[in-house]
Trainee: 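Would you mind keeping the following structure in view while I ask a few things?
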Amino acid sequence: SLPMQVGDKGKLTIDVTGVIENIRVLSDQTGDIVFELSKCTFADYPNFTSITNGARVQLTNSDKYFDDVLNNWTSTITAGEILRFNVISVNNIRRLLISLKLKL
């Protein structure tokens, strides 16, 4: 498969209200990636606001990432909000699995 490129990699509507407790990322191979998570309401779409507030998710020469501190994150998600995953930079990674654990 082709190498991943920078840019918007998808959106997901969240159907529950909760607080993000952690993020876990697994990549298909060792590499580097920085990505941003943003959210907006259905009414505000497509005007997304970062939930990481500058503390972007970053893998450096790795194939996995876990964070349960989420420093500076806006971690509350309200049912109906839309999450966006935007790759800022990437090297040697083709696919990612991103898991968010929410406390309901």
Side-chain angles (χ1 to χ4, degrees):
S1 66
L2 296 171
M4 188 179 297
Q5 302 293 316
V6 299
D8 185 343
K9 295 300 161 204
K11 298 169 190 70
L12 178 68
T13 299
I14 305 298
D15 293 333
V16 295
T17 295
V19 177
I20 301 170
E21 290 190 328
N22 68 51
I23 181 170
R24 183 183 314 263
V25 181
L26 303 172
S27 68
D28 64 323
Q29 56 196 357
T30 299
D32 310 304
I33 191 165
V34 177
F35 66 89
E36 178 76 71
L37 277 74
S38 304
K39 71 175 183 175
C40 73
T41 63
F42 184 80
D44 286 341
Y45 182 85
N47 301 308
F48 287 86
T49 302
S50 170
I51 68 167
T52 65
N53 298 306
R56 292 173 169 158
V57 179
Q58 183 168 338
L59 279 71
T60 305
N61 195 30
S62 182
D63 60 359
K64 60 186 172 288
Y65 175 90
F66 178 81
D67 181 5
D68 61 0
V69 178
L70 308 176
N71 225 358
N72 293 327
W73 281 41
T74 303
S75 55
T76 299
I77 302 290
T78 303
E81 286 184 322
I82 304 157
L83 284 182
R84 180 180 67 183
F85 303 88
N86 190 46
V87 174
I88 307 301
S89 64
V90 60
N91 180 48
N92 206 47
I93 291 175
R94 292 185 296 249
R95 289 180 307 281
L96 285 180
L97 171 69
I98 302 169
S99 301
L100 297 172
K101 181 180 180 187
L102 268 68
K103 180 176 184 168
L104 305 181

Trainee: Donor-acceptor pair, D44 side chain versus T41 backbone, under 3.5 Å?
Mentor: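 No, D44 side chain to T41 backbone: no donor-acceptor pair under 3.5 Å.
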Trainee: Does N72 use its side chain to pair, donor to acceptor, with the backbone of N53 at less than 3.5 Å?
Mentor: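 A pair under 3.5 Å: no.
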Trainee: Please round to the nearest 0.5 Å and tell me the distance separating atom CG of L97 and atom NZ of K64.
Mentor: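 NZ of K64 is found 14.0 Å from CG of L97.
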Trainee: May I ask you to check whether over 12 heavy atoms, not counting those of F42, lie within 6.0 Å of atom CZ?
Mentor: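 It does not: F42 CZ has 12 such atoms or fewer within range.
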Trainee: Under 4.5 Å between side-chain heavy atoms, counting indirect links through other Ile/Leu/Val/Met/Phe/Trp/Tyr residues: same cluster for V16 and L12 or not?
Mentor: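 Cluster IDs for V16 and L12 match.
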Trainee: Is a side-chain donor or acceptor of T78 paired with a backbone partner of T17 at a separation under 3.5 angstrom?
Mentor: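 Answer holds: no.
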Trainee: Going by heavy atoms in the side chains, are Q5 and V87 under 4.5 Å from each other?
Mentor: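 They are not in contact (no side-chain heavy atoms under 4.5 Å apart), so the answer is no.
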Trainee: Just wondering, do V57 and D67 contact through their side chains at under 4.5 Å, heavy atoms?
Mentor: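 A side-chain contact is absent here, since even the closest heavy-atom pair is not under 4.5 Å.
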Trainee: Could you tell me if the side chain of L83 sits less than 4.5 Å from the side chain of I51, heavy atoms only?
Mentor: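 Contact flag for I51/L83 side chains = yes.
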Trainee: In the structure I gave you, are the side-chain heavy atoms of I33 and S27 within less than 4.5 Å of one another anywhere?
Mentor: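 Sidechains of S27 and I33: no contact.
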Trainee: Taking the side chain as every heavy atom from C-beta outward, state whether F35 and K9 have any atom pair closer than 4.5 Å.
Mentor: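 They are not in side-chain contact.
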Trainee: Report yes or no: do I82 and I77 belong to one cluster of Ile/Leu/Val/Met/Phe/Trp/Tyr joined by side chain heavy-atom distances under 4.5 Å?
Mentor: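 No; tracing contacts between hydrophobic side chains, which count when under 4.5 Å, never links both residues.
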Trainee: Do T30 and N92 make a side-chain contact, defined as non-hydrogen atoms from C-beta onward lying under 4.5 Å apart?
Mentor: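 Contact flag for T30/N92 side chains = no.
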Trainee: Are V34 and Y65 in one and the same hydrophobic cluster, where Ile, Leu, Val, Met, Phe, Trp and Tyr link if side-chain heavy atoms are under 4.5 Å apart?
Mentor: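 Not linked; separate clusters.
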Trainee: Mind listing the closest non-hydrogen atom pair of L59 and D63 along with its distance?
Mentor: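 Residues L59 and D63, closest heavy atoms: CD2-C, 4.0 Å.
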Trainee: So how far is it from T52 OG1 to Q58 CD, rounded to the nearest 0.5 Å?
Mentor: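 Those atoms lie 11.5 Å apart.
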Trainee: Would you kindly confirm whether L70 and L102 end up in one hydrophobic cluster when ILVMFWY residues are joined by side chain heavy atoms under 4.5 Å apart?
Mentor: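 They do share one cluster, since a chain of ILVMFWY contacts under 4.5 Å joins L70 to L102.
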Trainee: Which value, rounded to the nearest 0.5 Å, describes the distance between K11 atom NZ and S38 atom OG?
Mentor: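 K11 NZ to S38 OG: 10.5 Å, rounded to 0.5 Å.
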Trainee: What distance separates K101 NZ from N22 CG, expressed to the nearest 0.5 Å?
Mentor: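 The NZ atom of K101 sits 6.0 Å away from the CG atom of N22.
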Trainee: Where is the tightest heavy-atom contact between E36 and S50, given as atom of each residue plus distance?
Mentor: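 In terms of heavy atoms, the two residues are closest at OE2-OG, 2.6 Å.
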Trainee: Side chain of N86, backbone of D8: donor and acceptor closer than 3.5 Å?
Mentor: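 Present.
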Trainee: Go through V19 and S75 one step at a time and tell me if the side-chain contact (heavy atoms from CB on, under 4.5 Å) criterion holds.
Mentor: CA-CA 5 Å; V19 177; S75 55; 3.5 Å; yes
Trainee: Carefully, step by step, assess K39 and T74 under the rule side-chain contact (heavy atoms from CB on, under 4.5 Å).
Mentor: CA-CA 10 Å; K39 71 175 183 175; T74 303; 4.1 Å; yes
Trainee: Tell me, do F85 and L96 make a side-chain contact under 4.5 Å, heavy atoms counted?
Mentor: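 A side-chain contact is absent here, since even the closest heavy-atom pair is not under 4.5 Å.
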Trainee: Quick check: is L100 connected to F48 through a chain of hydrophobic side chains (ILVMFWY, heavy atoms under 4.5 Å apart)?
Mentor: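 Cluster IDs for F48 and L100 differ.
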Trainee: Is there side-chain contact between D32 and N61, with heavy atoms separated by less than 4.5 Å?
Mentor: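 Yes; the side chains approach each other to less than 4.5 Å.
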Trainee: How long is the straight-line distance from CD of Q29 back to CZ of R95, given to the nearest 0.5 Å?
Mentor: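 The CZ atom of R95 sits 8.0 Å away from the CD atom of Q29.
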